[in-house]
Amino acid sequence: MEIASWNVNSIKARMHAVTDWLKSAKPDVACLQEIKTVDDAFPFMEIEALGYNVEVHGQKSYNGVAILSKYPIEDVSRGLPILGSEDEVDDQARYIEAIISSDVGPVRVASIYLPNGNPVYDGSEFHYKYQYKLRWMERLATRAERLLGFEEPLVLAGDYNVIPDAKDTHDPAGWTGDAAFRPETHAAFQKLLNLGLTEAFEQMDGRAGQYTFWDYQAGAWQNNNGIRIDHLVLSAQAADKITALRIDKMVRDGKKPSDHVPIVGIFNF
DNA sequence: ATGGTTGCGTAGCAA
């Protein structure tokens, strides 16, 4: 089974790129982020015509996540509970989770759009946006801890807005102090992994200079001034089954590209 | 170069 993650930066602006990629890559499951539309305006028909079931957690103008799957999608939940609550969520559509009911057994998958978090400071205090990012990472860890209790294949796929290490950016000095590359962000990401999760790229490859995002500005793509912020985070039951992780960077050369490219995990289940 | 680009929505925010 191939499970992918892609921040498309608006599904409506990206339909040509998305359908082209779905037709050629043919992932079994694709987790999309930043669809930037409400559910009612999502292009269900065009994507279902390619053989996918679709579940969406949309929002007007910003954010928005979706799960596409060639297999049935069950037990869908939208939004990440706020701390201290079972089911109360906030109004930013950044999380959708479901069971993929495949013929080789169930896999739980989440499509995650972790807050960017910039700017970091507001005067001498952390800006509310960075506080929101750190708090959201705590909420994700709380949810992950609960899901790990089920001891099943689990793939938390998405745009984490976290550069795990200096080797994951072309310009470490330039990213110093950014919300994606701060010690507090690294600590929160490590705390998530310490629950017993594996970041797939680190397990499968780990090489420096493999990026998933290049800014639209200042010729970042042409200069390979990229960062690796899109990740597949796996339970042991999924990490034991992954055989490869691919970054479809050729998509960045397409017409009207997203600033992110798809990542694809290949699992032998 | 305190810049640069894209998307949403039609001004200014978010990334």
Please list all pairs passing the ring pair (Phe, Tyr, Trp, His ring centres under 6.0 Å) test where one or both residues lie in residues 142-167 of chain A, with sequence neighbours left out. Tyr160(A)-Phe189(A), Tyr160(A)-His231(A)

How far does the C1' atom of dA14(B) sit from the matching atom of dG9(B), given to the nearest Å? 13 Å

Between Trp214(A) and Asp259(A), do the side chains contain an N or O donor and an N or O acceptor separated by less than 3.5 Å? no

For the side chain of Ser111(A) and the backbone of Leu32(A), is there at least one donor-acceptor N/O pair under 3.5 Å apart? yes

Using a 4.0 Å heavy-atom cut-off, does Arg94(A) contact any base of the nucleic acid, only the sugar-phosphate backbone, or nothing at all? sugar-phosphate

Can you tell me the distance, in whole Å, between the CG atom of Asn116(A) and the C1' atom of dA14(B)? 8 Å

Length of the line joining Asn161(A):CG and dA14(B):C1', which is rounded to integer Å: 11 Å

Looking only at atom P, what distance separates dG3(B) and dC13(B), rounded to whole Å? 15 Å

Rounded interatomic separation in angstrom, taking CG from Asn7(A) and P from dA14(B): 17 Å

Enumerate, atom names and distances included, each donor-acceptor pair closer than 3.5 Å involving a side-chain atom of residues 41-50 of chain A, sequence neighbours excluded.
none

Report, as a single string ordered 5' to 3', how protein heavy atoms within less than 4.0 Å touch nucleotides 1-9 of chain B: B base, S sugar-phosphate only, - not at all. ---BBSSSS

Do Ile112(A) and Val56(A) share a hydrophobic cluster (ILVMFWY, side-chain heavy atoms under 4.5 Å, transitive)? no

Give one of base, sugar-phosphate or nothing for Phe213(A), where a contact means two heavy atoms less than 4.0 Å apart. nothing

Expressed in angstrom and rounded to an integer, what is the separation of Ile163(A) atom CD1 from dA15(B) atom P? 15 Å

Between Glu97(A) and Leu147(A), which heavy-atom pair has the shortest distance, and what is it? OE1-CD1, 3.5 Å

Spacing of the P atoms in dG12(B) and dA1(B) (rounded, Å): 28 Å

Between Gln59(A) (CD) and dC13(B) (P), how many Å, whole number? 17 Å

Given the P atoms of dG7(B) and dT2(B), what is the spacing between them in whole Å? 25 Å

Any chance you could lay out the ring-ring contact (aromatic ring centres under 6.0 Å, His included) test for His127(A) and Tyr121(A), step after step, and finish with the verdict? CA-CA 5 Å; His127(A) 193 279; Tyr121(A) 286 107; over 10 Å; no

